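Source: prediction; values computed, not measured. Counting convention: from 1, in listed order, for ligands and their atoms alike.
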Amino acid sequence: MRRLLTFARGNRLPTYKTEEERNGLRAAGRFNAQLLDFLRDKVQVGVTTNQLDKLAETYTRDHGHIPACYGYQGYPKSICTSINEVVCHGIPNDIPLKSGDIVNVDCTTIVGGWYGDSSETFLIGDVSPEARRLVQLAFDSLWLGIGVLKPYSAVIDIGTVIARFGRQNDLGIVENFQGHGIGRKFHQDPGVPHVPIRKSRKDILAPGVCFTIEPMVNLGGKDTDGPLSDGWTVLTKDRSLSAQFEHQILMTEEGPEILTMTKNGPKPGHQF
Ligand code: MF3
Ligand code: CO
Ligand code: CO
């Protein structure tokens with residue numbers, strides 16, 4: 001009897017039911033998107049990722065908010081900047097971006113105690129057709145994942161469609177890093193793997209659950225290397241290019257609400 005009940009109910013996930021909580025999450029997602037819009041035209045040939053980091057930190061603090069990454073488990077900067085074969089958690093430095101680079105800028109901010117988290121990959125100058133294709137497919141994979149979301153859908157449905165898309169396009173979908181629940185904490189349940197994992201069948205996206213989808217997509221294999229001796233930087237094992245996009249989503253009674261939509265960023269269907 002008890003076993004059956006556990007099976008039927010699925011896992012208990014953090015859930016935000018009140019309008020006050022949901023408006024807190026909405027404000028955090030909105031500001032984080034605004035920060036990406038602010039950075040957008042600065043992500044150019046010649047700028048250093050340290051300059052982007054400073055701009056992000058100043059913009060966030062000037063608006064009365066907090067860069068969430070700074071000091072998080074000892075992380076030394078306010079944003080992550082992951083260039084070319086860096087999968088995630090690249091640390092800003094003094095090397096200027098150069099034509100042909102692809103760079104993921106991942107911002108997380110704390111607004112009134114609530115976390116906002118989203119990222120985009122930017123094309124710098126003239127990029128190779130392969131790099132452009134990878135960025136396109138990383139973007140499309142995020143939106144495929146978003147496309148399956150309905151009240152009470154299971155987290156595993158996200159990984160199922162993204163993994164299938166990866167196989168169809170001969171891409172490596174990273175398994176070592178996942179999306180995550182988010183709220184008053186940066187990372188919480190559910191884990192959101194971008195490939196199907198049995199335990200994610202029980203993670204039910206009931207109204208009130210808030211989470212990210214953030215597939216890391218490689219031109220080569222799915223395997224990762226690192227973190228490097230800096231404690232953070234994760235690379236593709238085969239040193240192939242990697243790209244990523246991230247949105248934060250609140251499931252509501254009416255369906256998914258994407259909290260981190262930008263004004264000027266790529267919309268579903270965008271061609272890079
Ligand atoms: N923003 C990342 C995510 O999407 C986490 C970065 S943690 C840091 O979950 F410490 F590296 F900043
Ligand atoms: Co995230
Ligand atoms: Co992020």
Task: Validation row: Thr49, Ile83 side chains within 4.5 angstrom (heavy atoms) - done: yes
Task: Candidate with minimal heavy-atom separation from atom 1 (N) of ligand 1, of Asp106, Asn104, Asn32 - done: Asp106
Task: His270 and Phe272 aromatic centres sub-6.0 Å - done: yes
Open item on the list: So that I can tick it off, tell me whether Lys54 and Glu57 are bridged by a salt bridge, with the cut-off set at under 4.0 angstrom between side-chain N and carboxylate O.
Closed with: yes
TODO: Answer with yes or no whether His187 contacts ligand 1, where contact means a heavy atom under 4.0 Å from a ligand atom.
DONE: yes
- [ ] Would you check whether Tyr72 has a nitrogen or oxygen atom less than 3.5 angstrom from a nitrogen or oxygen atom of ligand 1?
- [x] no
Open item on the list: Tell me the protein heavy atom at minimum distance from atom 5 (C) of ligand 1, and give that distance in Å.
Closed with: Phe186 CZ, 3.6 Å
Task: Distance-only N or O hit between ligand 1 and His89, under 3.5 Å - done: no
Open item on the list: Counting only heavy atoms closer than 4.0 Å, does ligand 1 sit against the backbone of Gln73, its side chain, both, or neither?
Closed with: neither
Task: Asn32 and Ser118: side chain donor to acceptor below 3.5 Å - done: yes
Open item on the list: So if I count the atoms of ligand 1 from 1 in the order they appear, which ones are less than 4.0 Å from some heavy atom of Glu214?
Closed with: 3 (C), 4 (O), 9 (O)
Task: ligand 1 versus Ala68: contacting region, heavy-atom distance under 4.0 Å - done: neither
Task: Connected via hydrophobic side-chain network under 4.5 Å: Ile197 and Ile204 - done: no
TODO: Indicate yes or no: does an N/O atom of Tyr75 lie under 3.5 Å from an N/O atom of ligand 1?
DONE: no
- [ ] Give yes if a backbone or side-chain nitrogen or oxygen of Thr108 is under 3.5 Å from a nitrogen or oxygen of ligand 1, and no if not.
- [x] yes
Task: Heavy-atom check, side chain of Asp117 versus side chain of Glu214, under 4.5 Å - done: yes
- [ ] Check the Co ion (ligand 3) and write out every protein N, O or S atom at under 2.8 Å, as residue and atom.
- [x] Asp106 OD1, Asp106 OD2, Asp117 OD1, Glu246 OE1
Task: Contact atoms of ligand 1, heavy-atom distance to Glu246 under 4.0 Å - done: 4 (O)
- [ ] Kindly assign one of parallel, tilted or perpendicular to the pair Tyr59 and Phe38, based on the angle between their ring planes and the thresholds 30° and 60°.
- [x] parallel
Task: Cationic N near anionic O, under 4.0 Å, Arg22 to Glu253 - done: yes
Open item on the list: Side chains of His65 and Thr60 only: does a donor on one sit below 3.5 Å from an acceptor on the other?
Closed with: no
TODO: Measure the acute angle between the ring planes of Phe186 and Tyr115, then classify it against the limits of 30° and 60° as parallel, tilted or perpendicular.
DONE: parallel
Task: Ligand-residue contact atoms, ligand 1 with Trp232, heavy atoms, under 4.0 Å - done: 8 (C), 10 (F), 11 (F)
Task: Where ligand 1 meets Cys69 - atom numbers and elements under 4.0 angstrom, heavy-atom basis - done: 12 (F)
- [ ] Would you check if Asn84 and Asp101 make a side-chain contact, meaning some heavy-atom pair closer than 4.5 Å?
- [x] yes
TODO: Look at the N, O or S atoms of His180, main chain and side chain alike, and state whether any lies under 2.8 Å from the Co ion (ligand 2).
DONE: yes
Task: Close side-chain approach of Ile91 and Pro76, heavy atoms under 4.5 Å - done: yes
TODO: Between Asp117 and ligand 1, find which residue part has any heavy-atom pair under 4.0 Å and reply side chain, backbone, both or neither.
DONE: side chain
Open item on the list: Can you tell whether the side chains of Asp225 and Arg239 come within less than 4.0 Å, N to carboxylate O?
Closed with: yes
